[in-house]
2 protein chains.
Amino acid sequence: MKRIAESTVRRLSLYLSFLEQRERDRVNTISSDELAHLGGTTSAQVRKDLSLFGSFGKRGLGYSIPELSGKLREILGLEKQWRVCIVGAGKIGAALARYRGFAERGFVIAAVYDSDPAKLGKKWESQAIRDVANLAKDALSERFDIAVVATPPESAAEVVKVIVEAGIKAILNFAPTQLTVPSDVTVRAVNMAIELEGLSFALTNRAR
Amino acid sequence: MKRIAESTVRRLSLYLSFLEQRERDRVNTISSDELAHLGGTTSAQVRKDLSLFGSFGKRGLGYSIPELSGKLREILGLEKQWRVCIVGAGKIGAALARYRGFAERGFVIAAVYDSDPAKLGKKWESQAIRDVANLAKDALSERFDIAVVATPPESAAEVVKVIVEAGIKAILNFAPTQLTVPSDVTVRAVNMAIELEGLSFALTNRAR
DNA sequence: TTGGCCTTGTGAAATTCTTCACAAGGTACA
DNA sequence: TGTACCTTGTGAAGAATTTCACAAGGCCAA
């Protein structure tokens with residue numbers, strides 16, 4: 001299959017969230033134009049994105065919402081349950097552990113780690129916080145699919161080393177640090193500083 | 001000036017963070033090639049990005065780190081102090097309020113809002129949590145530049161309405177909702193579901 | 001069954017973004 | 001001062017992404 005751009009995948013996620021909303025409202029059909037408006041893009045873009053994976057629509061009618069959302073879930077790999085471990089039991093880790101949208105999309109928080117002795121063993125949303133020193137060992141038996149790095153920046157590199165050695169192939173990084181990983185490991189980074197600086201740039205350079 | 005792509009601005013932020021790191025290590029000069037390696041891009045990309053704003057390097061030598069980081073701060077608008085208000089005093093709001101990198105980049109948390117009566121008035125990193133009903137009024141006198149939306153998704157649209165009416169032109173959205181704003185308001189969204197789904201896609205479709 | 005209407009799927013064009021490749025300019029050292 | 005060596009800045013080429021525009025297919029009502 002052709003390589004799919006990251007921007008395309010992001011849009012697919014967006015489309016899916018709109019479809020789920022409409023699903024709840026008991027609407028059965030949606031056109032590429034409607035989807036485009038919801039997502040701030042164009043109908044041609046929507047159709048192009050979807051056509052990379054097949055022909056899901058009916059000419060003259062649009063897309064069946066249950067069918068298309070099923071297809072999108074399949075494309076995005078959301079039919080499977082993904083086992084996620086969170087490393088770093090700070091505020092960000094807490095926000096993630098509590099985030100509802102998670103479980104309903106098939107992301108199971110399988111473990112939470114920290115290195116602070118004061119936190120170890122504390123219960124957190126039904127998870128006891130474990131010692132990060134056990135991560136490598138646990139990974140052998142618990143098969144984590146995704147690791148979330150929510151540590152301070154200075155520990156991130158070290159933690160990532162452990163994660164990679166444990167054979168985990170996907171990392172969501174919240175630490176404001178550039179990670180180095182082998183090419184078979186996928187990293188997505190969420191960096192608040194970069195987002196804020198983007199806003200700062202926009203405010204500074206906007207037309208007056 | 002030519003329109004600058006969002007991807008370019010993101011890279012500029014990254015470059016700046018590398019420069020600051022090097023600055024702390026008392027290194028004086030850096031080549032586009034080094035910068036490229038740190039950021040996972042190419043030297044040509046680095047030079048192209050910078051050349052959009054001027055000629056900051058010395059041929060044969062590279063870039064002066066103090067000079068370039070100064071220029072980048074200027075380009076990104078980080079010389080000014082930006083006044084930020086956070087709406088939503090949950091875990092994400094808390095993580096933001098405590099994030100150190102913030103103040104040192106000139107982002108001042110000027111106020112924190114919530115609508116939960118149980119939280120109002122509580123002190124939070126030297127900020128009393130205020131009632132979101134006062135946001136519009138406060139904005140008149142306190143001139144917030146940036147609003148961070150960290151509410152549950154169902155309140156986001158309403159909160160954004162208030163923010164826009166208050167004349168705030170930049171929004172950082174953590175709610176998993178597509179926001180609708182006038183074209184003179186810049187929005188950056190951080191959506192954990194989209195990032196995780198991107199990882200799910202990568203895991204599902206990776207070469208075996 | 002026919003005709004009008006609507007929306008998809010998709011080549012081709014346009015645009016945007018990235019990489020190439022090299023002249024120009026500057027350093028450093030003999 | 002001259003020469004060898006670097007690294008920038010940048011047109012031009014190339015790649016990727018988005019938009020255009022329209023034929024093809026399907027619904028619906030008469």
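Values in this document were obtained by computation on a predicted structure and should not be read as measured data. Protein chains get the first letters and strands the later ones, always in sequence-line order, with residue 1 at the start of each.
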What nucleotide among [options] has an atom nearest to a side-chain atom of [X]?
X       : options                : value
B:Arg11 : D:dT19, C:dT18, C:dT19 : C:dT18
A:Ser7  : C:dC17, C:dC20, D:dT17 : D:dT17
B:Thr42 : D:dT18, C:dT19, C:dG9  : C:dT19
A:Arg47 : D:dA21, D:dT17, C:dA21 : D:dA21
A:Lys48 : D:dT7, C:dC20, C:dA12  : C:dA12

From [atom1] of [X] over to [atom2] of [N], roughly how many Å is that when rounded to an integer?
X       : N      : atom1 : atom2 : result
B:Phe53 : D:dG9  : CZ    : P     : 14 Å
B:Asp33 : C:dC20 : CG    : P     : 12 Å
B:Ile30 : D:dT8  : CD1   : C1'   : 14 Å
B:Asn28 : C:dT27 : CG    : C1'   : 16 Å
B:Lys58 : C:dA24 : NZ    : P     : 20 Å
A:Glu6  : C:dT18 : CD    : P     : 12 Å
A:Leu50 : C:dT7  : CG    : C1'   : 13 Å
A:Leu61 : C:dG9  : CG    : P     : 11 Å

Check: What about A:Arg59, does its side chain sit under 3.5 Å from the base of C:dT8 through a donor-acceptor pair?
Finding: yes
Margin query: Less than 3.5 Å apart, any donor N or O on the side chain of B:Asn134 or B:Tyr113 sitting next to an acceptor on the other?
Written below: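 B:Asn134 vs B:Tyr113: no donor-acceptor pair found between side chains.
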Carboxylate-amine/guanidinium proximity below 4.0 Å for [X] and [Y]:
X        : Y        : result
B:Arg24  : B:Glu20  : no
B:Glu142 : B:Arg130 : yes
A:Arg206 : B:Asp184 : no

Check whether any side-chain nitrogen or oxygen of [X] sits under 4.0 Å from OP1 or OP2 of [N], and answer yes or no.
X       : N      : answer
A:Ser32 : C:dT8  : yes
B:Tyr63 : C:dG26 : no
A:Ser31 : C:dT7  : no
A:Gln45 : D:dT17 : no

Notebook entry, point to check: So what does A:Ala5 touch, heavy atoms closer than 4.0 Å: a base, only the sugar-phosphate, or nothing?
Noted result: sugar-phosphate
Next item on the list: Please check if the distance between the ring centroids of A:Tyr15 and A:Phe18 is under 6.0 Å.
Entry: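 That pair fails the under 6.0 Å test.
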Checklist line | First encountered from the 5' end of DNA chain D, between B:Gly60 and B:Gly57 | finding: B:Gly60
